[in-house]
Amino acid sequence: MERVLGDFVTAARTAGVRISISETLDAVRAVKVVGYRDRTLMKDALAVSLAKTVEEKILLEDCFERFFAFRFFAADSDRARKDRDIPSLLQTESSLARLLMEEDRAGLMAAMTEAARLENISQIRYFTQRSLFALRILGRMGAGGLDGQIQSLQQIDTPAAAADKARLEGARAYLVENVRNYVQSQYDLFARNEGERRLESELRLVKLSNLEQCYFARIYNIIQRMVKRLNDLHSRRRKAARRGVLDFKRTLRENISYQGMLFAPSWKKKKIERSQIVVICDISRSALRTVRFLLLFLYGLNQEIAKIRTFVFCTNLVEVSDILGSGPVDEALTRIQGGTDIPLIMGRTDYERSFGDFRRDHLVAVTRRTTVLVLGDARNNYNAPRPENLKAIYERCKRLIWLNPEVPALWGSGDSEIRQYKPYCTMVKECNTLEHIERLISALVRR
Amino acid sequence: MRSSYEEQFVSIEAVLENLRDVDYIANRQMAMTVYLACRLGKPILVEGPAGVGKTELAKATAACLQLPLIRLQCYEGLDESKALYEWKYGKQLLYTQLLKDKMDDIITRGNGFKTAMDKLHQYDDIFFSWPFLEPRPLLKALQAKDGCVLLIDEIDKSDDEFEAFLLEILSDFQVSVPEIGTVEAVTKPLVFLTSNNTRELSEALKRRCLHLYIPFPEAALEREIIRRRVPDISVELAHQVVHFIQDVRKLDLKKVPSISETIDWARVLMILHAEILNPALVRETLNIFIKFEDDVGVVAEKVHHLTAMAVK
């Protein structure tokens, strides 16, 4: 039974339930206590000890139904009825042939699962392995003997032998079909999510600008998971880390009631500052996708972790923190681009004017605690770059990070002015995959 | 060691029966979880929407086992001194004052600083011993001789640090008091933790617990609960009330009514001597089970339709 449960846990993990070893042990003990007579009871016992959220419980239930499905070797009524009356001449020494002839479904099922277990069916990973596994399981069950019998019957030339041969061939086809189905279901259990997982790890590395529209939903999922991880990681408040040096005045004050004996010291507390982030993004077409995903990330972060103000520019620059704060990022971006209620001009990208706008109107947003993120390819359409505007921002902030969606080889080519801006950036980074964005943000919120 | 609850809860059916005797109607899954928790000696983490009877389950279990229920309500800022133990500073001070002369005597009688110090060392443990220890819920639960039911309510409201601190208790049923040593449970308590999921609990905590999710009950179960809790209610009215509430739960509301609200409503209807639901009555008593102004609007619009459905 432990082995079956072990396989079940593997299958559940494949389905996306997180199960640790100690939980597996609990499940084994729990099943021992409730027994495995009652199917629902056993399912509940497993759900209570393995799945720890509501979503996981649903996944586990689905997995349970598929794993303990006994729908193989369904009675093949056609075949059975047709042949029942004909007396068999067959000497059925081989156990497999006997099981098939007697239509012992439970026996067949047991033989098949045992053979599958010996062949380590839980190791199946790729769909190309299916026929191989089916073949091996058939071999273990003794299908070879069946073939031999059919061949020997072929040499006898009587009507009875022919009838027997037909019956055996029918039985063999029935067996093969069921084993195939079984292997398919096992593949679904143990390996179905494998491809999905591989796709995800590749999506993290693919250039956002090359991304097909159909993967967007998946990307959102990945981003949500990454954001959740970051939130979990950074929203833990650590009291110990916050404790500072001895606060002597307060200690004296508080210990007056103990006749001035100092046995309840109090400590100064370090104040932890939220990261303040100012994002300035180019939302012309060349950079839009990266902007979208970066903003999805940033606005997914807990408000406790970071305080964010966002400005977008194309020909001129406008603050959009309110629009982004009020609804889903995607809708907000469509609204911004549509330019319905904001004075944004979507003409040619003009870095000179946009940075000028920022310096004139919003420079107070930048303090010495602020991290400024500039996202853009610095392609200024051959206008003068005028880096002194950027310099003014750089001098006020804690650090200024320029994210360039282009690959480094293209920096400075054509109308790209990144070289002129680079001296006034703390660092310039390539940013065009999810991986880049994640790394950047986890560096930003680290304290 | 077989504890008393293992003797009483011999099977899942016994758990169901026992809970029913104290007017708590559980479904099979809940009964099984309690049964498993007794057998495996593991805490139960109960989750579910507010008002489905999470806390009540612990209370009912305590009642039918006839064990004391020790309750620890969690809140932000809860720490060891309020959950586990505290030294009685006042008593310590008072005793030192009272014994001042005695101590002077002991210390000065010796000749020389070193002997005095040695003598003092002989007595220093006196002030950090059991009589000066104020046990808080967790320590009380470990010390209970015949076992007890420990309810750690709304664990999600506490800080991460407290959650981490609980881990030792939940897995080994022991705590460390630095001045005294490790205190082990006399009899393992039966532990319930409840959570409303306002924040995600840590993996480590979840791993140590059996996880029970209590959803809103099905109509049949809810009818039974109503009949148990409001014994005077007529079968017909109970049927209508439950039907109505079940329909309200399908609406898009800020807070859907849970079992406790159904019970309240049934009680109110009994006080008003209602025999049957009608739209006017429902509209008057809507605020019993709908707790937000916006929701009242949503439900009020549909009262006619919903009542007609329920009465039919």
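Every chain is numbered from 1, with letters handed out A, B, ... down the list of sequences.
For a residue to count as touching a neighbouring chain, one of its non-hydrogen atoms must lie under 4.5 Å from one of that chain's; by this rule A/Ser22 touches chain B with the side chain only. Looking at A/Lys43, neither its backbone nor its side chain comes within 4.5 Å of chain B, counting heavy atoms on both sides. Interface remark: B/Leu40 contributes backbone and side-chain atoms alike to the contact with chain A (heavy atom separation under 4.5 Å). Only the side chain of B/Gln97 has a heavy atom closer than 4.5 Å to any heavy atom of chain A. Contacts of B/Leu210 with chain A are made by both backbone and side-chain atoms, with heavy-atom separations under 4.5 Å. If you measure heavy-atom distances from A/Ile19 to chain B, you find no contacts under 4.5 Å at all. For a residue to count as touching a neighbouring chain, one of its non-hydrogen atoms must lie under 4.5 Å from one of that chain's; by this rule A/Thr53 touches chain B with backbone and side chain alike. Heavy-atom distances place the backbone of A/Ala51, and not its side chain, under 4.5 Å from chain B.
Using the six-membered ring where Trp is involved, A/Phe68 and A/Phe64 have ring planes that are tilted, between 30° and 60° apart. Aromatic ring orientation, A/Phe8 versus A/Phe67: perpendicular (interplanar angle above 60°, classes split at 30° and 60°).
A/Ala332 and A/Leu324 make their closest contact through CB-CD2, 3.8 Å (heavy atoms, listed as atom of the first residue, atom of the second, distance).
Distance check: B/Asn27 CG to B/Gln29 CD gives 6.0 Å after rounding to the nearest 0.5 Å.
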Does the pair B/Ile44 and B/Cys209 meet the rule for a side chain to side chain contact (heavy atoms under 4.5 Å, CB included), with working shown? CA-CA 5 Å; B/Ile44 307 178; B/Cys209 303; over 6 Å; no
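Salt-bridge annotation for B/Glu13 and B/Arg28: present, with a side-chain N of the basic residue lying under 4.0 Å from a carboxylate O of the acidic one.
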